[in-house]
Amino acid sequence: MKPYIGVRELRSDLQAKKYSAVELAQFYLDRIARFNDRINCFITVDTESCLERAAAADRKLATSNSPSLCGIPIAHKDLFCTAGVRTTCASNMLRSFIAPYDATVVKRTSDAGAVSLGKTNMDEFAMGSSNETSCFGVVRNPWNLQRVPGGSSGGAAASVSAGMTPLATGSDTGGSIRQPASLCGVTGLKPTYGRVSRFGMIAFASSLDQGGPLAHSAVDVWELLTEMEGHDPRDSTSANIKKTELAGFDRTFVIGYPESLFDGLDKNIAACIDVARKQFEALGHKIEVVELPHIDAAVAAYYVLSSAEASTNLARYDGVRYGHRTESSVDLLDMYCRTRTEGFGLEVKRRILTGTYSLSVGYFDAYYLKAQKIRRLVRDGFLEAFKKVDLILAPVSPTTAFEIKSIKKGPIEMYRQDLYTIPVSLAGLPALSLPCGFVEDLPIGMQLIGPHFSEGDVLTGGIAFQNETDWHDRHPDLETTCTS
Ligand code: GLN
């Protein structure tokens, strides 16, 4: 058995009994046991129940109608609630929290037969772009252990990149699936806001949060998406929309090229995306320059809005109902205060404080309301561009994976990592991050962005590109990186 096998091959191997689901799960568990100490991409590995589920998958595989992901391993980001297995959000606040139910995404993938290996590391409460804010320690990039994997779904991206799982779930509020996918050389999709249920996904910024798939290829991302998506009566923002269907591969797209976004981009990264652009042209797609106005204000608006929402969402961690409670306090107020001081890390506290500030009387109009207006303008800019083009090609990250602890100048420098992903989030659009080259032995990704609910087209574009290129088929050599 070897890692990095795609879903379709795994499915046919399992059906042909080349190996059993138990053997497959054991293979990945062994790989995790071997390399997780160095990479730290899993917070919790659930060996026993994983093997039980794999055995159940084998029983189903023996029948004639096994579900689509039957026996295929998956890793869930540790903000999806899992009944019986702890869900920590990489926070001391929830270090030993066990949810009483499964998130819809967890339930649906498990109903589809996927076998959960465990829960992946992340930035605390999904706030960050480097995985450095996790209370379980940083995740290391499988391509170079001195570097970050990106964040906040850094454990998810690293686990796929390291061949410890073929499929992973992540969440993306401002870039948390796309940026780590780019930095780790894997493929990840942020779906349209509303496509995937948020029920049981621990909230950061509810108007932006969206769960999505990460895998080795766009086709595998599609396989997982079709089992995650769909209306859920338990999430009032989930859309009632039909399953994502791929377009025919003879379909040609008009692909927008937002020239101004590439102006300030690192020359080597821009060069990789430029080669990809030419490949799209060679495939018969048409490239057209588009303008995306107001993008410059997106990062600032995002941090006002997402922190405001975080400040209200995280008010529930008061020591009474969930997770950590301080051991010594003199009265109720003191208990709240000590619990939150002890439970939250620095970045989470910063967001709660700035978010509360921008929502307070006297500042609401100046910050929150203004940010909402910018959000609308950014969205309108995209919708205007989509009158002319089917998809937009853009960078994902301004840099390759940076060194651990190298961002020292303060939070703004970290926030600017999401320059290219945040506008898409504000607009609620779907975007695929897929590998398109290497700079100094580190992977680079690009984004294919589409109009609302156009995942079928976005993924078709991605699959067409991956049919012609092999960037997504290159993998880090863990034998070397993890032993040197
Ligand atoms: N890095 C961004 C932030 O810290 C995005 C995080 C995310 O998408 N969850 O808010």
Side-chain angles (χ1 to χ4, degrees), residues 76-80 89-91 105 120-134 138-139 148-157 168-184 188-193 196 198 201-214 298-311 313-314 344-355 358 371 375 395-399 401-402 407 410-433 445 447:
H76 292 297
K77 184 173 180 177
D78 209 14
L79 51 49
F80 288 103
C89 250
S91 177
V105 159
T120 59
N121 206 343
M122 54 184 281
D123 278 297
E124 185 179 6
F125 281 102
M127 297 171 189
S129 308
S130 66
N131 238 281
E132 291 167 298
T133 72
S134 165
V138 69
V139 175
V148 304
S152 64
S153 312
T169 56
S171 72
D172 191 311
T173 305
S176 277
I177 289 176
R178 293 162 286 160
Q179 185 253 17
S182 167
L183 270 43
C184 291
L189 176 81
K190 182 200 95 75
T192 307
Y193 182 79
V196 173
R198 292 183 296 110
M201 183 173 97
I202 294 178
F204 160 13
S206 309
S207 78
L208 295 152
D209 296 344
Q210 188 60 198
L214 294 101
V299 172
Y302 167 86
Y303 278 95
V304 170
L305 296 171
S306 63
S307 302
E309 292 184 32
S311 75
N313 271 326
L314 272 60
F344 291 135
L346 188 67
E347 183 58 29
V348 174
K349 285 177 185 152
R350 182 173 7 244
R351 307 270 180 124
I352 293 173
L353 290 173
T354 51
S358 67
R375 179 175 190 173
V396 180
S397 167
T399 62
F402 44 93
I407 295 199
I412 309 281
E413 197 189 348
M414 188 68 84
Y415 297 171
R416 289 193 57 80
Q417 290 298 319
D418 299 313
L419 190 64
Y420 303 113
T421 50
I422 277 175
V424 177
S425 302
L426 290 179
L429 301 167
L432 182 70
S433 170
Q447 267 186 112

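Only heavy atoms go into these numbers, but all of them, side chains included; no hydrogens, no water, no symmetry mates. Atoms within each ligand, like the ligands themselves, are counted from 1 in listed order.
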Atoms of ligand 1 under 4.0 Å from any heavy atom of Tyr302, numbered from 1 in the order shown, are 2 (C), 3 (C), 5 (C), 6 (C), 10 (O)
Protein heavy atom at shortest distance from atom 7 (C) of ligand 1 = Ser176 OG, 2.4 Å
If we number the atoms of ligand 1 from 1 as shown, the ones under 4.0 Å from a heavy atom of Met127 are 4 (O)
Ligand 1 contacted by Ser306 (non-hydrogen, < 4.0 Å) = no
Side chain to side chain donor-acceptor pair (under 3.5 Å) filter on Thr120, not counting sequence neighbours, yields none
Side chain proximity check, Pro213 to Thr169, heavy atoms < 4.5 angstrom | no
If we only count N/O pairs under 3.5 Å, is Arg351 in contact with ligand 1?
-> yes
Test item, Tyr415 contacting ligand 1 (heavy atom, 4.0 angstrom) = no
Partner of Arg178 by side chain to side chain donor-acceptor pair (under 3.5 Å), out of Asp172, Thr421, Asp418 = Asp172
Numbered in order shown, the ligand 1 atoms found under 4.0 Å of a heavy atom of Ser152 are 9 (N)
For atom 2 (C) of ligand 1, grab the closest protein heavy atom and report residue, atom and distance to one decimal in Å.
-> Asp418 OD2, 3.1 Å
How far apart are the closest heavy atoms of Ser206 and Ala203, and which atoms are they?
-> OG-CB, 3.9 Å
Looking at ligand 1, does any of its N/O atoms fall within less than 3.5 Å of an N/O of Asp172?
-> no
Find all atoms of ligand 1 within a distance of less than 4.0 Å from any non-hydrogen atom belonging to Ala126, and give their numbers and elements.
-> 6 (C), 7 (C), 9 (N)
How far is atom 3 (C) of ligand 1 from its nearest protein heavy atom, and which residue and atom is that?
-> Tyr303 OH, 3.3 Å
So, is Gly174 polar-close to ligand 1, with some N/O to N/O distance under 3.5 Å?
-> yes
Could you tell me how the ring of Phe125 sits relative to the ring of Phe344: parallel (under 30°), tilted (30 to 60°) or perpendicular (over 60°)?
-> perpendicular
Provide the closest heavy-atom pair for Pro149 versus Asn131 in the form atom of the first, atom of the second, distance.
-> CG-CB, 4.0 Å
On a heavy-atom basis, the closest approach of Ser153 and Lys77 is OG-NZ, 2.9 Å
For Ala431 against Val424, the heavy-atom pair lying closest together | CB-CG1, 3.8 Å
Lys/Arg-Asp/Glu bridge criterion (N-O < 4.0 Å) met for Glu347, Arg350 | yes
Just jot down the ligand 1 atoms closer than 4.0 angstrom to any heavy atom of Phe204, in number order.
-> 9 (N), 10 (O)
May I ask you to check if ligand 1 and Gly128 share an N or O to N or O distance below 3.5 Å?
-> yes
